[in-house]
2 protein chains.
Amino acid sequence: MNIGDVSRRSGLPAKTIRYYEEIGLIRPQRSENGYRSFRERDLHKLAFLGRARALGFTIEDCRTLLGLYEDEGRESAQVKRIAEHHLGQIDDKIAQLQSMRATLDHLVHACAGDHRPDCPILEDLAQKIPEGLSCESERVR
Amino acid sequence: MNIGDVSRRSGLPAKTIRYYEEIGLIRPQRSENGYRSFRERDLHKLAFLGRARALGFTIEDCRTLLGLYEDEGRESAQVKRIAEHHLGQIDDKIAQLQSMRATLDHLVHACAGDHRPDCPILEDLAQKIPEGLSCESERVR
DNA sequence: AATGGGGACTCCAGTCACTGGAAGGTCAAG
DNA sequence: CTTGACCTTCCAGTGACTGGAGTCCCCATT
């Protein structure tokens, strides 16, 4: 299989697949013409990576998860720890976004949105310190 | 005011303030010794930027919002449009994260997390195509 | 044999919003 | 005179790709 086939079958862009090789997540063989030559096993790995990424795991988590997947002697506790930690991060992000959302929604509703210059959104930004959203707090990435 | 004072009073790291100058969000004057010299107005702008960033607006949105803030002839509709669009983005992100969260939470609960290698999380990543989370779908940034 | 089109290859630069660090200048206190 | 806290610039790195340039390869058609 060439990269185009694998791209179609895994749903990952060819660019991404090359990138994954570059950072050592996969090691496809090469044909005589220099083209990457993928086996079913590579495709399987890429699909695994695609799904792990779709769940929001970082590339480094994906690397670890792939390693555990191929390690017969793994303990499911190792996998669970990674997943739980990630779940915690997701919860943090959701909380932060919901806090932003609440403030923003309030402001949007307060703004007339007409031709006049008066705007509670700008007034808020110019003055208020949104609680729990001070500049010290961590940002959602 | 030197950058340290402004940093303390705005809550923004000095590095960030220098960066904001570099990209033209602020234009502090300079003292004879080459130090940046901030006025109250600059501090006010920085606080504005910090709050807009805390609400998740992009830098370019912040630039526009700051411009509108200083434009007496603005229409509040312009501000509202930006805020509404941003609110929509936030809602999309929240929805995506909640979808991830649901799948992940389910998997975490299904995993024993003990010394044995059997792991539903890995099995899922290796086989299932999570609905609504296929690789084509946009990623949360 | 020439040509055209669709892949594939590498390499470099850009994204976003900072952040870290090196190497050096300035200033007030002890 | 030295110390240490500031300040300066400049360069590189982050994460996970993405875009684009320039070149090469393969197959089919003219």
Side-chain angles (χ1 to χ4, degrees), chain A residues 1-26 28-38 42 46 49-66 86 89-90 93 96 100 135-141, chain B residues 1-26 28-38 42 46 48-66 86 89 93 96 100 135-141:
Chain A
M1 269 185 292
N2 283 347
I3 202 166
D5 308 310
V6 182
S7 171
R8 270 180 295 278
R9 291 180 59 188
S10 69
L12 295 171
K15 279 265 182 194
T16 300
I17 297 171
R18 292 196 193 97
Y19 173 68
Y20 285 175
E21 181 189 14
E22 194 187 318
I23 62 172
L25 285 178
I26 49 164
Q29 294 184 304
R30 294 286 176 140
S31 310
E32 292 197 0
N33 60 12
Y35 287 14
R36 286 168 186 80
S37 178
F38 298 84
D42 297 313
L46 285 169
L49 289 168
R51 290 191 283 264
R53 291 287 301 129
L55 283 179
F57 285 104
T58 64
I59 287 285
E60 283 319 302
D61 277 349
C62 290
R63 192 191 299 279
T64 309
L65 290 171
L66 206 48
H86 180 44
Q89 307 257 92
I90 288 177
K93 275 188 205 167
Q96 191 127 40
M100 285 180 187
C135 310
E136 273 95 336
S137 70
E138 260 188 56
R139 299 252 149 75
V140 170
R141 309 263 165 225
Chain B
M1 270 183 292
N2 283 347
I3 202 166
D5 307 309
V6 182
S7 172
R8 269 180 295 278
R9 291 182 58 188
S10 69
L12 295 172
K15 279 268 182 190
T16 299
I17 297 171
R18 291 195 194 97
Y19 172 68
Y20 286 173
E21 182 189 15
E22 194 187 318
I23 62 173
L25 286 178
I26 49 163
Q29 294 184 305
R30 295 286 177 140
S31 311
E32 292 196 359
N33 59 13
Y35 288 14
R36 285 169 185 81
S37 178
F38 298 84
D42 297 312
L46 286 168
F48 183 102
L49 289 168
R51 290 192 283 263
R53 290 288 300 128
L55 284 179
F57 286 104
T58 64
I59 287 284
E60 283 319 301
D61 277 349
C62 290
R63 193 190 300 278
T64 309
L65 290 171
L66 205 48
H86 181 43
Q89 308 257 91
K93 275 188 207 168
Q96 190 128 37
M100 285 180 188
C135 310
E136 273 94 335
S137 69
E138 261 189 55
R139 298 253 149 75
V140 170
R141 308 262 166 223

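Just so it is clear: chains get the letters A, B, ... in the order the sequence lines come, proteins before strands, and each one is counted from 1.
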Check: Roughly, in whole Å, what's the span from CG in Leu12(A) to C1' in dT18(D)?
Finding: 14 Å
Item checked: Side chain proximity check, Thr58(A) to His86(A), heavy atoms < 4.5 angstrom -> no
Next item on the list: With sequence neighbours excluded, tell me which residues meet salt bridge (charged side-chain N to carboxylate O under 4.0 Å, His left out) with Asp42(A).
Entry: Arg39(A)
Note to self: In this structure, how many angstroms lie between the C1' atom of dC18(C) and the CD1 atom of Ile17(B), rounded?
What the structure shows: 13 Å
Margin query: Looking at Thr16(B), I'd like to know whether one of its side-chain N or O atoms comes within less than 4.0 Å of OP1 or OP2 on dA17(C).
Written below: no
Margin query: Tell me the interatomic distance from Arg53(B), atom CZ, to dT19(C), atom C1', rounded to whole angstroms.
Written below: 14 Å
Notebook entry, point to check: Which residues satisfy the side-chain contact (heavy atoms from CB on, under 4.5 Å) test with Leu66(A), sequence neighbours excluded?
Noted result: Lys45(A), Phe48(A), Leu49(A)
Notebook entry, point to check: Please give, in whole Å, the distance from dC17(D) P to Leu49(A) CG?
Noted result: 9 Å
Check: Think Tyr20(A) has a side-chain N or O under 4.0 angstrom from the OP1 or OP2 of dC17(D)?
Finding: yes
Item checked: Distance, rounded to the nearest Å, where Glu22(A) contributes CD and dA16(D) contributes C1' -> 11 Å
Check: By ring pair (Phe, Tyr, Trp, His ring centres under 6.0 Å), which residues pair with Tyr35(B), not counting sequence neighbours?
Finding: none
Notebook entry, point to check: Once you round it to whole Å, what is the distance between P of dG15(D) and CZ of Phe57(A)?
Noted result: 17 Å
Check: What string of B, S and - do you get for nucleotides 7-13 of chain D, 5' to 3', when a contact is any protein heavy atom under 4.0 Å?
Finding: SBBB---
Next item on the list: Quick one: list whatever passes side-chain contact (heavy atoms from CB on, under 4.5 Å) with Ile3(B), sequence neighbours left out.
Entry: Ala14(B), Ile17(B), Arg18(B), Arg36(B), Phe38(B)
Check: Separation of Leu55(A) atom CG from dA16(D) atom P, in whole Å?
Finding: 14 Å
Checklist line | Rounded distance in Å - CG (Leu25(B)) to C1' (dA17(C)) | finding: 11 Å
Margin query: Suppose we screen for side-chain contact (heavy atoms from CB on, under 4.5 Å). Which residues come up paired with Glu32(A), at least two apart in sequence or across chains?
Written below: none
